[in-house]
Every structure is written in C-alpha cells, then in structure tokens.
Amino acid sequence: MDLTLQSLSLLTGGGQVLASYPVSTALNGPGEQDGSGCTPRGSHYIRASIGAGLSPGTVFRARRPTGEIYSPELAREYPDRDWILSRILWLCGREWGKNRGPGVDTFRRFIYIHGTPDREPMGVPLSHGCVRMRNADVIDLFDRVRPGTAVVIR
C-alpha cells in the first residue's frame with residue numbers, strides 16, 4: 001500500500017500486480033503512535049477477516065454487524081458516525097517497537113482495511129487511521145486474501 005499515491009495493490013508472491021484499488025488513509029498522515037489518528041507504516045499481516053457473506057453496505061460497530069445496511073437516510077440519522085461497511089480486514093504489525101508492542105500496536109489500535117460510503121472520496125487522506133475502500137473493492141479484496149496475508153504500508 002502506498003500512502004503517497006493513496007493506492008493499494010494486491011501482488012502475487014513474485015511481485016506481479018493482480019489488482020489495484022484507490023484508498024483513503026489517515027487525514028493525520030502516517031504514524032504509529034496510539035491515539036495519533038495516523039495510518040501505521042511497515043510490515044503487517046491480516047490477523048482477522050470479518051464479514052464474509054454479508055450484504056454490501058453492512059454496517060459494523062466494534063467489529064460486529066449492527067443489522068443495518070448503509071443508506072443516505074441512515075447517514076442523515078447518524079451524521080457523526082465513522083462508517084465501517086461491508087468487510088473488515090484487521091491488521092497486525094510485524095515490527096516490534098515500530099507497529100507492534102506498547103504505544104505503537106496496530107492491532108490494539110484497531111487499524112482495519114474496510115469499506116466506507118461510496119460518496120466518500122478515494123485518493124484523498126481523510127480517515128481516522130484505517131484504510132478506507134469502496135465497498136465493491138473491499139469485497140473483491142476480501143475474497144482474494146486470507147488471515148496471514150502480508151500487508152506492507154509505505
């Protein structure tokens with residue numbers, strides 16, 4: 001994943017690009033500190049995949065489906081929600097002291113790759129630290145990866 005380009009590429013083991021997706025990462029830029037609202041850099045892996053088989057636009061809170069499907073009406077009802085939709089790929093850092101461990105732990109910071117309302121712009125850093133994707137894109141990515149899949153954020 002390239003923070004400068006706001007792009008996520010799915011690669012083969014040999015480095016061939018299978019798919020590329022526009023993303024939106026942290027408004028606060030890159031960074032690893034707890035409470036920073038930044039997107040953590042470095043070597044990670046997918047620790048958990050959440051939402052298999054659920055409808056596109058499924059709303060999650062605390063990693064659990066709420067029973068709601070995102071709609072403009074729901075957005076008007078809850079204007080301040082940071083929408084987590086469709087699928088969640090929960091990341092875990094691999095680098096002790098950088099993105100894993102006290103004060104910098106990606107997993108404990110609840111950093112995900114997740115869907116967001118399709119009205120939200122991609123290619124522009126606007127998230128609270130997570131990696132936001134279009135719903136169709138995060139579903140496509142979700143179906144191609146598994147827990148343990150390597151994720152490098154640079």
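Numbers here are sequence positions counted from 1.
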Y70 and R119: CA distance, side-chain angles, deciding distance, side chain to side chain donor-acceptor pair (under 3.5 Å) verdict: CA-CA 11 Å; Y70 180 84; R119 64 175 166 70; 2.9 Å; yes
Step-by-step side-chain contact (heavy atoms from CB on, under 4.5 Å) determination, T39 to I111: CA-CA 8 Å; T39 300; I111 299 295; 5.5 Å; no
Intermediate values then yes/no, side-chain contact (heavy atoms from CB on, under 4.5 Å), L89 and F142: CA-CA 7 Å; L89 297 168; F142 185 97; 3.6 Å; yes
side-chain contact (heavy atoms from CB on, under 4.5 Å) between R100 and C92, intermediate numbers included: CA-CA 7 Å; R100 187 170 186 151; C92 186; 3.9 Å; yes
Evaluation steps, side-chain contact (heavy atoms from CB on, under 4.5 Å), between M1 and I113: CA-CA 11 Å; M1 184 170 336; I113 299 169; 4.2 Å; yes
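Of the inter-residue distances, the one linking S127 atom OG with D82 atom CG reads 7.5 Å to the nearest 0.5 angstrom. R63 contributes atom CZ, which lies 5.0 Å from atom CZ of F110 (distance to the nearest 0.5 angstrom). Expressed to the nearest 0.5 Å, how far CZ of F60 lies from CH2 of W83 amounts to 13.0 Å. Residue T106 holds its OG1 atom at 9.0 Å from CD of E95, rounded to the nearest 0.5 Å. Residue L141 holds its CG atom at 12.5 Å from OG of S86, rounded to the nearest 0.5 Å. Separating the CG atom in D2 from the CZ atom in R154 is a distance of 4.5 Å, to the nearest 0.5 Å.
A donor-acceptor pair is defined here as one N or O able to donate and one able to accept, closer than 3.5 Å; such a pair exists between the side chain of Q6 and the backbone of L3. Remark: side-chain polar atoms of N99 are paired, donor with acceptor, to backbone N or O of R94 under 3.5 angstrom. Between the side chain of W90 and the backbone N or O of S49 there is no donor-acceptor pair closer than 3.5 Å. The closest donor-acceptor contact from the side chain of T58 to the backbone of L85 lies at 3.5 Å or more, if one exists at all.
E73 CD: more than 12 foreign heavy atoms inside a 6.0 Å radius. Surrounding CZ of R64 are at most 12 heavy atoms belonging to other residues, nucleotides or ligands under 6.0 Å away. Other residues, nucleotides and ligands contribute only 12 or fewer heavy atoms inside 6.0 Å of the CZ atom of R61.
The two residues M122 and R132 come nearest to each other via the heavy atoms SD-O, 3.6 Å. Taking every heavy atom of both residues into account, E68 and T66 meet most closely at OE1-OG1, 2.6 Å. Pairing each heavy atom of S7 with each of S20, the nearest pair is OG-OG, 4.2 Å. Smallest separation of non-hydrogen atoms from P117 and R134: O-NH1, 4.0 Å.
A salt bridge does not link R108 to D34: none of the charged nitrogens lies less than 4.0 Å from a carboxylate oxygen. Ion pair R41/E32 flagged as a salt bridge, since at least one NZ, NE, NH1 or NH2 atom sits closer than 4.0 Å to an Asp/Glu carboxylate oxygen. Residues D105 and R109 are not paired through a salt bridge, judged by the lack of any N-O separation under 4.0 Å between the basic side chain and the carboxylate.
Neither I46 nor I88 shares a network with the other; the hydrophobic side chains, linked directly or stepwise wherever heavy atoms of I, L, V, M, F, W or Y lie under 4.5 Å apart, form separate groups for each. Placement of L91 and V145 within a single hydrophobic cluster is found when ILVMFWY residues are connected by side-chain heavy-atom separations under 4.5 Å, directly or transitively. At a threshold of 4.5 Å between side-chain heavy atoms, the hydrophobic network of Ile, Leu, Val, Met, Phe, Trp and Tyr places L18 and I153 in one connected group. Each of I139 and L54 belongs to its own hydrophobic cluster when Ile, Leu, Val, Met, Phe, Trp and Tyr are linked at side-chain heavy-atom distances under 4.5 angstrom. Cluster membership check: Y21 shares its hydrophobic cluster with V151, using side-chain heavy-atom separations under 4.5 Å among Ile, Leu, Val, Met, Phe, Trp and Tyr.
Each of I69, L74, I84 was evaluated against V59; a single residue qualifies, L74, per the side chain to side chain contact (heavy atoms under 4.5 Å, CB included) test.
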